[in-house]
Amino acid sequence: MKIIVQPNYEALSKRAAEIVREEMEKKRNIVLGLATGSTPLGLYKELIRMHKEEGLDFSQVTTFNLDEYIGIDYDDPNSYHYFMESNLFNHINIDRENTFIPDTNVEDLEAYCKEYDRLIEEKGGIDLQILGIGVNGHIGFNEPDEELKVGTNIVNLTESTIQANSRFFDSIDQVPQNAVTMGIGTIMKAKQIILLASGKSKHEVMKELIKGDKITTQLPASLLLLHPNVTVILDEEAYRG
Ligand code: F6R
């Protein structure tokens with residue numbers, strides 16, 4: 001696991017965008033795994049800038065998002081469909097046919113989860129996966145537990161995650177309690193992973209992860225210690241607390 005500490009959130013976002021750009025230049029039809037939440041917002045802003053000012057080309061790019069809530073309309077600003085449209089896709093030249101976000105409005109969700117993993121395989125697998133991390137160590141919505149699911153699956157969000165996500169909703173009762181998420185195995189199959197962490201609230205979990213001496217399903221991100229190509233980019237606040 002390669003650790004890069006940046007002075008602040010802006011520098012972290014720029015460094016992440018540089019890596020994404022390098023990989024996009026190496027492989028024009030790259031398959032990107034994308035995250036939502038506050039952490040990748042600066043990265044997406046920088047990618048949009050690179051597209052607008054420097055002609056970074058997304059026309060051949062395919063994307064797969066990590067997760068989506070269950071029981072949310074896609075035109076709800078809190079849905080991850082809406083998030084991706086407004087924070088990235090609307091501002092770059094990506095072909096919407098090549099963007100995939102778990103569709104939680106289907107009848108048979110379990111079958112759909114399997115289909116999502118199959119589709120990722122069909123597109124050649126994820127070349128570069130962007131991850132944020134929950135204060136409880138979740139990646140995607142793979143929450144700390146006695147066991148973790150391998151493939152894309154349906155999850156019950158933990159109290160801590162519902163609490164953390166409530167900042168985006170009018171009240172905590174409106175936060176969906178369930179989601180579909182790529183599984184740990186889906187994430188681990190990505191050829192390269194960048195995990196981003198910013199701010200004091202992520203310090204404790206990042207301290208534990210960076211220590212790097214044990215893997216446990218109680219800290220889902222620790223499974224990344226087994227992956228051969230992970231870069232962690234964090235800012236001073238997340239690093240030093
Ligand atoms: C989002 C996701 C989550 C977030 C994590 C951190 O697609 O999968 O794991 O990355 O909850 O969220 P923020 O960035 O809002 O602190």
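Just follow the structure's listing: the first ligand is 1, and inside any ligand the first atom is 1. Here the structure is a predicted model, which means the values were calculated and not measured.
- The side chain to side chain donor-acceptor pair (under 3.5 Å) with D103 is formed by just one residue from the set Y112, Y74, Y116; it is Y74.
- In this pair, Y80 and F141 present their aromatic rings parallel. The plane angle is below 30°, not in the 30 to 60° band.
- Contacts with ligand 1 closer than 4.0 Å are made by no heavy atom of T161, backbone or side chain.
- The protein heavy-atom contact nearest to atom 2 (C) of ligand 1 is D67 OD2, 3.3 Å.
- Among protein heavy atoms, atom 1 (C) of ligand 1 sits closest to T36 OG1, 3.2 Å.
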Practice item. Decide yes or no on side chain to side chain contact (heavy atoms under 4.5 Å, CB included) for E143 and T181, but give the supporting numbers first. Key: CA-CA 10 Å; E143 301 280 26; T181 181; over 6 Å; no
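- Of the protein's heavy atoms, H138 NE2, 3.3 Å lies nearest to atom 5 (C) of ligand 1.
- Taking the charged nitrogens against the carboxylate oxygens, K27 and E23 have no contact shorter than 4.0 Å, which rules out a salt bridge.
- Short contacts between ligand 1 and L66, defined as distances under 4.0 Å to a heavy atom of the residue, involve ligand atoms 8 (O).
- Sorted by first and then second residue, the pairs that involve residues 231-241 and meet side-chain hydrogen bond (donor to acceptor under 3.5 Å, both in side chains), not counting sequence neighbours, are S198-D235, E236-R240.
- Residue-level proximity to ligand 1 for R167 is carried by the side chain, the only part with a heavy atom below 4.0 angstrom.
- Within ligand 1, the atoms closer than 4.0 Å to a non-hydrogen atom of G37 are 14 (O), 15 (O), numbered from 1 in the order shown.
- Among protein heavy atoms, the minimum distance from atom 9 (O) of ligand 1 is reached at G140 O, 2.6 Å.
- Between R118 and E115 there is a salt bridge, since at least one side-chain N of the basic residue sits less than 4.0 Å from a carboxylate O of the acidic one.
- Given atom 16 (O) of ligand 1, the protein heavy atom at minimum distance is K202 NZ, 2.7 Å.
- The nearest protein atom to atom 14 (O) of ligand 1, hydrogens excluded, is given as T39 OG1, 2.4 Å; this is a heavy-atom distance.
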Point to revise | From CA spacing to verdict: side chain to side chain contact (heavy atoms under 4.5 Å, CB included), F58, M24 | key: CA-CA 8 Å; F58 289 83; M24 283 175 67; 3.6 Å; yes
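- One side chain, N165 or Y69, offers a donor N or O that lies under 3.5 Å from an acceptor on the other.
- Summary of contacts: the protein heavy atom closest to atom 6 (C) of ligand 1 is I133 O, 3.3 Å.
- Of all protein heavy atoms, the one lying nearest to atom 10 (O) of ligand 1 is G132 CA, 3.3 Å.
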